[in-house]
Amino acid sequence: KQEVTQIPAALSVPEGENLVLNCSFTDSAIYNLQWFRQDPGKGLTSLLLIQSSQREQTSGRLNASLDKSSGRSTLYIAASQPGDSATYLCAVTPVNSGGSNYKLTFGKGTLLTVNP
Amino acid sequence: DAGITQSPRHKVTETGTPVTLRCHQTENHRYMYWYRQDPGHGLRLIHYSYGVKDTDKGEVSDGYSVSRSKTEDFLLTLESATSSQTSVYFCAISVGAGEKLFFGSGTQLSVL
């Protein structure tokens, strides 16, 4: 069974710092990997989706990389801002799912706090 | 929240009572999902729907049933609520099975 781990569970940084969030998964046979953001009391917002054939995806100050062979993904946030404070979750789908969302396995998330 | 409304937003109920949560979307997306989120477990899929009257079980479907009689509405029913079903429930939608997910704001359910 696929397991997705996110370490650390919580991270606190000063504003302006560049930071990296980590996601690891036990089964490298994945179709894609997604990063989500969750604000307190809210649902998840999709940030980036990386197909298994890709190495990275970028959106603004966010860059997500994927290393399937080592079972790892990182989310890089440049020039962090207090508005980036949220919980960040990663999720993977298995290769035999065709990328179907109903096969998503989520990590438990990293709570990021960016201090002014 | 991408045209997704969950109701109620908060509910407190007693063990053994039936509970129905509603998810309403205005996006006309084909796929709808119900998840629960618990500390220590993360998000887990309960049921999903791939069209009107077409539903299937997810990872943690025991004790839950769903119905979808219209494209825009997906109902989650706890037939006889138990304390283990205290959780935050999220509805999500997507255009296709592997397309981007959009989430509602959640329903906080407490079963006493």
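In what follows, chains are A, B, ... by sequence order, proteins preceding strands, each numbered from 1. All values reported here derive from a predicted model rather than from experimental measurement.
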Novice: Is it the case that one hydrophobic cluster holds both A:Trp35 and A:Phe25, taking links as side-chain heavy atoms less than 4.5 Å apart, direct or via other members?
Specialist: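 They do share one cluster, since a chain of ILVMFWY contacts under 4.5 Å joins A:Trp35 to A:Phe25.
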Novice: Go through the atoms of B:Gln37 and report whether side chain, backbone, both or neither lie under 4.5 Å from a heavy atom of chain A.
Specialist: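 B:Gln37 touches chain A through side-chain heavy atoms alone.
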Novice: If I measure from the heavy atoms of chain B, does A:Phe36 come under 4.5 Å with its side chain, its backbone, both, or neither?
Specialist: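 Only the side chain of A:Phe36 comes within 4.5 Å of chain B.
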Novice: Consider only side-chain heavy atoms of I, L, V, M, F, W and Y, link residues closer than 4.5 Å, and tell whether A:Leu49 and A:Leu89 are in one cluster.
Specialist: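 In one cluster: no.
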Novice: Return the option, out of B:Arg9, B:Glu99, B:Gln6, with the maximum number of heavy-atom pairs under 4.5 Å with chain A.
Specialist: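 Sorted descending by pairs with chain A, the first entry is B:Glu99.
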Novice: Compare every heavy atom of A:Gln38 with every heavy atom of B:Phe90, then report the nearest pair and how far apart it is.
Specialist: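 Looks like CZ-NE2, 3.4 Å.
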Novice: Considering non-hydrogen atoms only, spot the tightest contact between B:Lys100 and A:Ser46 and give its length.
Specialist: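 For B:Lys100 and A:Ser46, the tightest heavy-atom pair comes out as CE-CB, 3.5 Å.
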Novice: Against chain A, label B:Leu43 side chain, backbone, both or neither, depending on which of its atoms sit under 4.5 Å from a heavy atom there.
Specialist: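 Interface part for B:Leu43: both.
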Novice: Quick check: are there more than 12 heavy atoms from other residues, nucleotides or ligands sitting under 6.0 Å from CD of B:Glu14?
Specialist: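 No - once you tally the heavy atoms of other residues, nucleotides and ligands closer than 6.0 Å, there are 12 at most.
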Novice: Tell me whether B:Phe74 is reachable from B:Val60 by hopping between hydrophobic residues (I, L, V, M, F, W, Y) whose side-chain heavy atoms are closer than 4.5 Å.
Specialist: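 Same cluster.
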Novice: Quick check: is A:Leu48 connected to A:Val4 through a chain of hydrophobic side chains (ILVMFWY, heavy atoms under 4.5 Å apart)?
Specialist: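 Same cluster: A:Val4 reaches A:Leu48 through Ile, Leu, Val, Met, Phe, Trp or Tyr contacts under 4.5 Å.
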Novice: Can you confirm whether A:Glu56 is buried at CD, in the sense that more than 12 heavy atoms of other residues, nucleotides or ligands lie under 6.0 Å from that atom?
Specialist: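 Yes, the 6.0 Å shell around CD holds more than 12 heavy atoms from other groups.
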Novice: Identify whether A:Phe106 and A:Tyr88 are in the same connected component of the hydrophobic contact network (ILVMFWY, side-chain heavy atoms under 4.5 Å).
Specialist: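 No, A:Phe106 and A:Tyr88 fall in different hydrophobic clusters.
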Novice: Ignoring hydrogens, what is the shortest heavy-atom contact between B:Tyr35 and A:Asn101? Give both atom names and the distance.
Specialist: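 Shortest heavy-atom contact: OH-O, 3.6 Å.
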Novice: To the nearest 0.5 Å, what is the distance between CZ (B:Phe102) and OG1 (A:Thr45)?
Specialist: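 Reported value, rounded in 0.5 Å steps: 9.5 Å.
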Novice: With heavy-atom distances below 4.5 Å as the criterion, would you say the side chains of B:Tyr50 and A:Tyr102 are in contact?
Specialist: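 They are not in side-chain contact.
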